[in-house]
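Okay, so here's the structure we're looking at.
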Amino acid sequence: MPLPKGYHYRVPDGMAVLPGQRVRAPFGPRKAAGVVLSVFDGEPERPLKLLDSVVDPRPALSLEGVACARFMARRFGAPIGEALKALIPPFVKSLDEPVEVFVAPSRAQAAPSFTLTPGQAGALERLEALLDGRKHATTLIFGVPASGKTEVYLRLIRRAIKDGGQAMFLLPEISLTRPFFDEFAASLGVPVALWHSGLTPRERRRAWLAISRGDVKVVVGARSACLLPYKDLRLAVLDEEQDESFKQDSNSPFYHAREVAIERAKAFGALVVLGSATPSIEAWGMARRGEAEMLMMPDRVSSVPRAPVTTLPPGRFGEVLSEQLLEKMAERLRRGEQSILLVNRRGFSTLTTCGKCRWIDRCVDCGVAKITHEKPEGGFVLICHHCGKKWPPPETCGACGEPAMRTGGVGTQRVAAEVKRRLPGARVLRMDRDTVSKEAKLEERVYDQFRARKADVLVGTKLVAKSFHFPEVTLVGVVDADTMLHMPDFRSAERTMQLLAQVAGRAGRADKPGEVLLQTLSPDHEAIKGAAVGDYAAWADAELASRVELNYPPAGGLIRAILACADEAKLSEAGAAWADALRLLLPSPAEVVGPAPALLRQVRGKFRDTVLIKIPAAGVEEGLKRARACPLVSSVKLTLDADPYDFL
């Protein structure tokens, strides 16, 4: 039961329990399942209820797992019950369920097929020394795109598991996990588990049990793989560690996989490897402060130099792609090479509006514009990307009644349609959340088809900028480089710089030179110029200095409070009173900003206000406690997010 605090019970005579063990206990008028946090001797100061029974004959969580739950509750302000629920998923019913562990046919004994670059060799030598020392260390591999980080990871994992240890390899997107899982399973010769939310409960339950028993040696997974019950963790790798997907922002606990992995590695004496061509400013700050050791991999594995980056204006009115970008794509078609187009919005168009009165068709529950999607069978449908509701396109304006409806904005479907129209004969694939969703079951097909050269152009969202390796891609085009640039978020420039640098790294990764074109209306912005020049280190140092000056993470702490209520007037009144009371509870120099209407004003029929708490980094945990303890009327729901990434 995910409760905000623990409760004391007496252990009956003849019953033995240990921390991490699941038990049943009376709770109010019923019996509920819970997890033992600690056991101690002595007489209680008041009468205690007796535990009813044990659920399992042994602990479901080790002492390290219990400590991890406490850390998550403390660091991220989550109720301890929610932290425990994240570590012991509800689908784990019995710890004694038999699980067959499968080992794929192995290429593990094959000799390496190539010589490491000096950067790879130097990084691997240092990492192996740290790994063999069996003491915790955190490292940051700063390697340019196509520098061969995956080969370093693979050899390091092989060393970590050679005498029975375990390794976890985390990736930011589910769509990336299958290619790495297939490669590791075939190369390592030990049981490898795949872990992400797209698996069935039965698949996840069996993986969870095998990992807890130590039968699985390597886990390839998305964010939540950092919460699995490792028995002997030796190595934790976060590839593309800068990606915001490593931060949980949909359900409590709102943890960051990087912080959880580091905390758990400390308990195991394990090595943490953060890898990226564009490290997060948080990881960059850790390296600059000496909290992580930076290892440089400045050279590409291929002898082909870095693809040049050119900025150009967007297409003319009514067209998405500029003539220059279209001509470059046509040239690749003639040469039998492939192109990637980045469009960081899915759907066909992002706005439906009235051409006469400018009314915008919005979701009545969430207050955001409905997104137009093209249906597979033809025609269009409007979808709210927050609650998922669907509507037919309106024939008349919802305000003035005129039949003057227009669409605007650009999504992946519209770009794919334009490519097919303007480049007849081009074979086009899309990679976005719609095509790689759990329901569509297409994540492998899109990747495999494009890798097998069954398509000429891949149009996709930020998924295409990740760790995929497509040797025949020689052109990358960014349809709108300004998409995230002007968001009201102190990380907007960082996200833009990282996304552009990452997607640029998809071009020219083999023996053919590549080229990158950025369509932008802001060619002089520092993030755009930084991506074009390719000097991420200089840009990151300047950005870190700016964060220090403004006291934003990682230099300072930040807590985001979301207040939600169905009654807008009551929300405004209660939010203002809560913020005023919190100002009196927090010591200087903490600053409480707001409340103010959230950018996403409504979600599922509830109005939302935002309060930001700027506080020294060392005071975040205490700030969470005081914010949680600050009185608030029961009709208003409070959500707290430490060091948030989502400001909608």
Side-chain angles (χ1 to χ4, degrees), residues 138 140-144 240-247 249 256 258-259 274 276-294 296 309 311 344 462 465 478 481-504 518 520-560 588-594 596 599 610-620 623 641-648:
T138 299
L140 171 62
I141 295 182
F142 176 38
V144 299
E240 308 289 1
E241 70 79 28
Q242 82 290 342
D243 198 284
E244 63 196 66
S245 298
F246 282 125
K247 178 72 160 71
D249 58 15
H256 197 296
R258 178 183 59 241
E259 294 193 45
L274 310 175
S276 179
T278 56
S280 65
I281 299 302
E282 285 77 8
W284 193 264
M286 290 173 61
R288 290 304 193 218
R289 293 190 303 271
E291 297 170 11
E293 181 177 345
M294 186 182 295
M296 310 287 286
V309 180
T311 59
N344 208 27
K462 66 177 184 177
V478 179
D482 307 330
T483 303
M484 298 183 296
L485 200 54
H486 305 298
M487 293 289 289
D489 181 347
F490 70 91
R491 290 190 181 91
S492 60
E494 177 187 358
R495 286 170 169 167
T496 298
M497 174 66 172
Q498 290 167 342
L499 181 60
L500 296 182
Q502 291 284 343
V503 75
L518 309 180
T520 176
L521 293 173
S522 309
D524 295 326
H525 192 284
E526 291 302 318
I528 303 293
K529 291 196 296 185
V533 172
D535 188 353
Y536 188 82
W539 184 89
D541 281 334
E543 180 67 13
L544 182 59
S546 175
R547 301 278 183 90
V548 171
E549 181 180 353
L550 297 173
N551 203 33
Y552 277 122
L558 191 66
I559 301 171
R560 186 190 187 209
S588 179
E591 180 183 1
V592 178
V593 182
L599 290 177
T610 293
V611 175
L612 290 180
I613 305 166
K614 297 183 71 175
I615 194 168
V620 170
D641 187 359
D643 294 334
Y645 278 59
D646 179 8
F647 289 89
L648 293 178

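Heavy-atom basis, side chains included; hydrogens, waters and symmetry copies ignored.
Atom CD1 of Ile528 is separated from atom CG of Leu521 by 10.0 Å, given to the nearest 0.5 angstrom. Distance check, rounded to the nearest 0.5 Å: CG of Leu140 to CD of Glu282 gives 12.0 Å. Atom CZ in Arg491 sits 10.0 Å away from atom CD1 in Ile281 (nearest 0.5 Å). Note that CG of Asp249 and NE2 of His256 are 10.5 Å apart. Values are rounded to the nearest 0.5 Å. The distance from the CG atom of Leu599 to the CG atom of Asp646 is 9.5 Å, given to the nearest 0.5 Å. To the nearest 0.5 angstrom, Ser280 atom OG is 11.5 Å from Arg495 atom CZ.
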Q) Does the side chain to side chain contact (heavy atoms under 4.5 Å, CB included) test come out yes or no for Glu543 and Met497, once each step is laid out? A) CA-CA 11 Å; Glu543 180 67 13; Met497 174 66 172; over 6 Å; no
Q.
Applying side chain to side chain contact (heavy atoms under 4.5 Å, CB included) to Val611 and Val593, what does each step give before you reach the verdict?
A. CA-CA 6 Å; Val611 175; Val593 182; over 6 Å; no
Q. Should Ile559 and Leu612 be marked as a side chain to side chain contact (heavy atoms under 4.5 Å, CB included) after you check the CA-CA gap, both sets of side-chain angles, and the distance that decides it?
A. CA-CA 6 Å; Ile559 301 171; Leu612 290 180; over 6 Å; no
Q: Give the C-alpha distance, both sets of side-chain angles, the deciding distance and a yes or no for side chain to side chain contact (heavy atoms under 4.5 Å, CB included) between Leu499 and Met484.
A: CA-CA 10 Å; Leu499 181 60; Met484 298 183 296; 3.5 Å; yes
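Closest approach of Lys529 and Pro523 over heavy atoms only: CG-O, 3.3 Å. Ala527 approaches Leu485 most closely through the heavy-atom pair CB-CD1, 4.1 Å. Closest heavy-atom contact between Ala493 and His525: CB-CE1, 4.1 Å. Closest approach of Ala590 to Ile615, counting heavy atoms only: CB-CG1, 4.0 Å. Here the shortest heavy-atom pairing between Asp489 and Tyr645 reads OD2-O, 3.9 Å. Nearest heavy atom pair, residue Pro644 against residue Leu558, reads CD-O, 3.5 Å.
Under the salt bridge (charged side-chain N to carboxylate O under 4.0 Å, His left out) criterion, Glu591 pairs with no residue, sequence neighbours left out. Applying the side chain to side chain contact (heavy atoms under 4.5 Å, CB included) test to Ala532 and every residue at least two apart in sequence or in another chain returns Val309.
No side-chain N or O of Thr483 forms a donor-acceptor pair with one of Asn344 less than 3.5 Å apart. Glu291 and Thr138 share no donor-acceptor pair across their side chains, judged by distance under 3.5 Å alone. No side-chain N or O of Ser276 forms a donor-acceptor pair with one of Glu241 less than 3.5 Å apart.
Residues Arg288 and Asp541 are paired through a salt bridge, judged by an N-O separation under 4.0 Å between the basic side chain and the carboxylate. Salt bridge Glu494/Arg547: present, at least one basic N to carboxylate O contact under 4.0 Å. No salt bridge links Glu259 with Lys247; every basic N to acidic carboxylate O contact stays at or beyond 4.0 Å.
Contact annotation: the side chain of Lys462 never approaches that of Gln502 to less than 4.5 Å [non-hydrogen atoms, C-beta and beyond].
Tyr536 places a side-chain N or O within 3.5 Å of a backbone atom of Pro279 that can act as its donor or acceptor partner.
Using cut-offs of 30° and 60° on the angle between ring planes, the pair Phe490 and Phe647 is perpendicular. Using the six-membered ring where Trp is involved, Trp284 and Phe142 have ring planes that are perpendicular, over 60° apart on the 30 and 60° scheme.
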